[in-house]
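Shown next, in structure tokens, is the structure this report addresses.
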2 protein chains.
Amino acid sequence: MGMATLNPQRTIAELKELRALTGDADGAQRVAWTDTWATARAWYRAKLAELPVQVETDEAGNIWATLRGATERAVLIGGHLDSVPNGGWLDGCLNVLAGLEVLRRVAAEGVPPVTLRLVDWADEEGARFGRSLLGSSAFSGTLDPESVAALTDRDGTPLPEALAAHGVALHGMLAAQRQQAGAAAYLELHIEQGPVLESMGLPLGVVIGTFGVERHRITFSGQAAHAGSTPMDKRRDAFGAAARLGLEIREIAKRHGGVCTVGSCITRPGIVTAVVGECIVTLDQRHMDAGELAAMLHEAQEASARFAAEEGCTVAWEPIWKIHPIPFHPELIAMGEAAIREVAGTAHRLPSGPLHDAAEVARAGIPTVMLFVQSLRGISHNKIEDTLEEHIALSVEALDRLTSSAMAWVQGGG
Amino acid sequence: MGMATLNPQRTIAELKELRALTGDADGAQRVAWTDTWATARAWYRAKLAELPVQVETDEAGNIWATLRGATERAVLIGGHLDSVPNGGWLDGCLNVLAGLEVLRRVAAEGVPPVTLRLVDWADEEGARFGRSLLGSSAFSGTLDPESVAALTDRDGTPLPEALAAHGVALHGMLAAQRQQAGAAAYLELHIEQGPVLESMGLPLGVVIGTFGVERHRITFSGQAAHAGSTPMDKRRDAFGAAARLGLEIREIAKRHGGVCTVGSCITRPGIVTAVVGECIVTLDQRHMDAGELAAMLHEAQEASARFAAEEGCTVAWEPIWKIHPIPFHPELIAMGEAAIREVAGTAHRLPSGPLHDAAEVARAGIPTVMLFVQSLRGISHNKIEDTLEEHIALSVEALDRLTSSAMAWVQGGG
């Protein structure tokens with residue numbers, strides 16, 4: 001048994017190695033259920049082969065590396081090697097490779113008091129078929145295989161066929177739930193993918209949970225009319241109503257401390273010479289508090305009806321997707337905060353806007369927490385995604401300390 | 001020579017005859033440079049053949065029917081048989097067929113004191129190649145053949161090829177300018193294509209000119225960002241800036257008594273989960289007064305720069321098209337007003353939002369005026385375009401009286 005030495009520089013080197021192996025001039029290309037993804041995972045398995053861990057792939061395609069401890073009760077660390085097309089060098093794989101380094105450190109100290117498991121979730125991004133968190137939702141049991149059976153990629157390949165090519169049978173995926181056995185804590189490190197930590201000048205933050213989300217498509221219907229012959233006071237301008245809503249949702253978000261976004265606006269007939277007859281916008285609203293989220297939704301609905309009436313239009317709402325807020329575990333949040341303070345001096349608690357595999361694990365009732373490391377310019381899902389190397393190193397150290405705390409907590413019956 | 005009797009009911013019957021011949025369940029299909037358009041024109045030529053007029057097709061494809069008078073000085077009446085696809089039963093062809101009825105009435109009275117000419121302009125709508133007022137702009141000399149030589153229809157057919165199939169050589173079209181010889185007044189009746197007359201309860205109005213138009217494409221560039229991880233105060237929201245402009249241009253229009261329209265809004269990346277990074281809107285501004293139009297443009301540009309700055313965005317303007325206001329002839333306007341008052345009791349002066357062939361004729365320096373007849377619901381370019389038959393009949397009578405006044409005016413040296 002050698003010295004138990006954590007080497008965050010090795011993580012940085014491995015991230016670069018993976019980038020060279022599975023990226024190109026446009027960025028990372030590890031889209032789940034593709035050859036490049038399989039290449040990344042084979043590379044990762046070779047790394048695991050040097051450790052005293054048991055490696056298995058579950059029915060959902062998630063790869064588990066298990067370092068058996070004195071008890072079956074386990075601390076889980078998770079991440080995902082898959083990326084979006086033309087993605088960044090850190091999103092998802094930092095989690096896995098930082099976890100790998102922690103696993104090395106713990107393994108070097110001999111048989112741990114509790115079991116430690118590292119999971120590489122399959123298809124977090126949903127980049128090819130549009131369904132994110134696929135592997136982790138099979139683990140949590142929230143996946144309905146039938147609801148995704150008809151999905152196809154842009155070439156028309158059905159999802160079940162793509163999964164089968166990688167050894168996964170869609171209708172057997174839920175058997176991955178048995179991996180929940182013994183799971184007592186789940187830890188995940190991720191780049192923030194937002195501007196908060198950078199704007200505060202902090203390298204690291206602890207995540208208090210994932211936002212609840214209300215996502216809707218809103219159609220304003222007025223009357224298409226000639227831009228030249230229709231006086232202003234005779235118009236039923238659907239874009240006018242939508243523009244007013246687009247501005248109002250920003251006030252709603254500020255009042256409630258959440259976020260609201262109109263991400264898409266489609267105008268019909270959509271020509272320069274016609275008043276807009278129909279305007280379709282999407283609205284995405286997020287909050288950590290279910291009550292505040294419901295209030296934001298209610299106020300947006302009310303405002304849309306008011307604007308529609310004032311503009312001589314009608315309005316129709318169509319739900320796209322929703323999820324309740326998922327708070328992380330208070331004791332693990334405190335441990336994450338302490339770990340960050342030890343390595344970086346100052347910690348900050350923040351919600352996660354994006355969903356992560358951690359949200360699925362938390363939904364399964366397993367105590368969960370995440371750490372965020374600063375993203376430069378808040379940008380991800382892009383080849384220019386980046387984080388200072390000194391911050392990456394700090395993040396590996398913080399995950400390592402959090403793992404030790406969590407293992408002690410689980411050992412103590414936490 | 002028989003009684004000179006105007007028969008507006010015949011015009012209505014002929015409009016229905018033309019609809020049956022060249023329309024279908026989706027509306028009128030007389031798109032210029034198509035077989036259906038040629039069918040309509042052959043039908044029209046057969047009607048002309050019953051009259052003591054000389055018929056010729058000029059180098060731009062415009063059909064001229066000339067009733068020679070005691071002098072070469074001529075009153076022109078114009079319209080267009082071509083329609084948009086799925087168009088209405090009145091737009092353009094009412095003008096021609098009302099003119100035909102007036103020509104019959106005048107011809108029945110013997111050789112008139114001045115020449116009377118009825119022109120069916122080729123391709124007013126520009127529906128197939130995107131260039132409207134094609135025949136009339138050849139007549140006025142404002143057409144630059146080279147600027148349209150590369151246009152193609154949606155099947156890839158080049159404009160010159162389509163014109164050649166109907167006997168028109170693109171680079172010879174400007175020879176149609178010789179039809180200006182002797183032209184001393186131009187009259188055009190058209191459906192309003194707007195809601196003004198209907199809202200005032202009036203069947204007819206006299207048009208004081210066509211609006212000047214400024215048409216621009218405006219691109220706001222901010223930063224695409226994750227809808228969940230980007231706090232409201234960290235956003236550079238291009239849709240927010242565009243929405244503010246979309247509302248501000250309505251205030252600008254009201255302040256100046258013109259019209260301003262955002263007809264198209266495109267968002268990029270345009271997905272529900274991303275703050276809009278780029279938002280492209282079109283702006284169409286119209287006014288009868290060149291100074292007011294320039295002020296409206298200036299204010300919109302200033303507002304766009306202010307909103308962009310406040311939203312952390314940049315803004316770029318790109319001109320699409322512009323035209324100066326084209327005022328019609330004051331004496332002909334007065335004659336048009338008098339003719340309307342005689343047949344309908346009350347007249348209203350209004351600008352034309354849409355351009356018409358009349359605008360091209362006016363640009364050639366020929367005294368011009370238009371009459372508008374009420375459009376039900378203000379709708380045109382649609383199969384539901386409609387006008388009450390009693391109003392159609394009144395419009396033929398008004399055009400007839402205006403023709404008499406204009407001929408007397410020209411005879412008197414007007």
Side-chain angles (χ1 to χ4, degrees), chain A residues 192-196 199 210-211 213 215 217 223 225-235 237 239-240 242-247 250 253-254 258-267 269-276 279 282-284 286 320-321 352-355 375 377-381, chain B residues 192-196 199 210-211 213 215 217 223 225-235 237 239-240 242-247 250 253-254 258-267 269-276 279 282-284 286 320-321 352-355 375 377-381:
Chain A
E192 182 197 339
Q193 304 179 280
V196 175
S199 72
T210 58
F211 277 147
V213 182
R215 217 172 268 170
R217 188 175 291 106
Q223 176 64 57
H226 195 290
S229 64
T230 316
M232 301 309 288
D233 62 355
K234 299 279 185 298
R235 297 180 173 203
D237 178 3
F239 180 71
R244 292 176 69 183
L245 182 66
L247 298 178
R250 313 199 300 183
K254 284 173 201 158
V259 287
C260 296
T261 306
V262 168
S264 166
C265 176
I266 295 168
T267 47
I271 55 177
V272 64
T273 53
V275 176
V276 175
C279 189
T282 60
L283 176 61
D284 178 290
R286 307 195 191 202
I320 297 175
W321 189 72
S352 172
L355 281 172
S375 289
R377 296 161 305 231
I379 292 171
S380 72
H381 286 195
Chain B
E192 182 197 341
Q193 304 178 282
V196 174
S199 72
T210 59
F211 277 148
V213 183
R215 215 173 268 171
R217 188 175 290 106
Q223 175 64 58
H226 195 289
S229 65
T230 315
M232 301 309 289
D233 62 355
K234 299 278 184 300
R235 298 182 173 201
D237 178 5
F239 180 71
R244 291 176 68 184
L245 182 65
L247 299 178
R250 312 199 301 183
K254 284 173 201 160
V259 287
C260 296
T261 306
V262 169
S264 165
C265 175
I266 295 169
T267 48
I271 56 177
V272 63
T273 54
V275 176
V276 174
C279 190
T282 59
L283 176 61
D284 179 289
R286 307 195 191 201
I320 298 174
W321 190 72
S352 171
L355 281 172
S375 288
R377 295 161 306 231
I379 293 172
S380 73
H381 286 197

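Here is the naming used below: chain letters follow the sequence lines, and residue numbers restart at 1 for every chain. All of these numbers come straight from a predicted model, not from anything done at the bench.
- In terms of heavy-atom pairs under 4.5 angstrom with chain B, the leader among A:F239, A:W321, A:F211 is A:F239.
- At least one donor-acceptor pair under 3.5 Å links the side chain of B:S352 to the backbone N or O of B:P354.
- Put simply, the side chain of B:I266 does not reach to within 4.5 Å of the side chain of B:C279, judged on heavy atoms.
- For a residue to count as touching a neighbouring chain, one of its non-hydrogen atoms must lie under 4.5 Å from one of that chain's; by this rule A:I271 touches chain B with the backbone only.
- Options A:G258, A:C260, A:S380 differ in how many heavy-atom pairs under 4.5 Å they form with chain B, and the most are formed by A:C260.
- Top candidate by heavy-atom pairs under 4.5 Å with chain B, chosen from A:P269, A:S229, A:G194, is A:S229.
- Among B:T273, B:V275, B:I379, B:L283, the residue with the largest count of heavy-atom pairs under 4.5 Å with chain A is B:T273.
- With a 4.5 Å cut-off on side-chain heavy atoms, A:P231 and B:V196 count as touching.
- Taking A:R215, A:R244, A:R286, A:R217 one by one and counting their heavy-atom pairs under 4.5 Å with chain B, the maximum is reached by A:R286.
- Counting heavy-atom pairs closer than 4.5 Å to chain A, the top residue among B:A253, B:G240, B:G246 is B:G240.
- Interface remark: of the candidates B:G228, B:G270, B:G353, B:G228 forms the most heavy-atom pairs closer than 4.5 Å to chain A.
- The parts of B:A227 that come within reach of chain A are both its backbone and its side chain, each placing non-hydrogen atoms under 4.5 angstrom from that chain.
- Partners of B:R235 under the salt bridge (Lys or Arg N to Asp or Glu O under 4.0 Å) rule, at least two apart in sequence or in another chain, do not exist in this structure.
- When B:D284, B:V259, B:V276 are compared by the number of non-hydrogen pairs under 4.5 Å with chain A, B:V259 comes out ahead.
- Contact count versus chain A (heavy atoms, under 4.5 Å) is highest, among B:L247, B:L355, B:T230, for B:L247.
- Judged as a salt bridge (Lys or Arg N to Asp or Glu O under 4.0 Å), and not counting sequence neighbours, the contacts of A:D237 are B:R250.
- Of the listed residues (A:Q223, A:R377, A:K254, A:K234), the one with the most heavy-atom contacts under 4.5 Å to chain B is A:K234.
- Ranked by heavy-atom pairs under 4.5 Å with chain B, the list A:D233, A:T282, A:V272 is led by A:V272.
- In this structure, B:S375 contributes its side chain and B:Q193 its backbone to a donor-acceptor pair below 3.5 Å.
- Among the candidates B:G378, B:A274, B:P195, the residue making the largest number of heavy-atom pairs closer than 4.5 Å to chain A is B:P195.
- In this structure the side chain of B:V262 never reaches within 4.5 angstrom of the side chain of B:L245, judged on heavy atoms.
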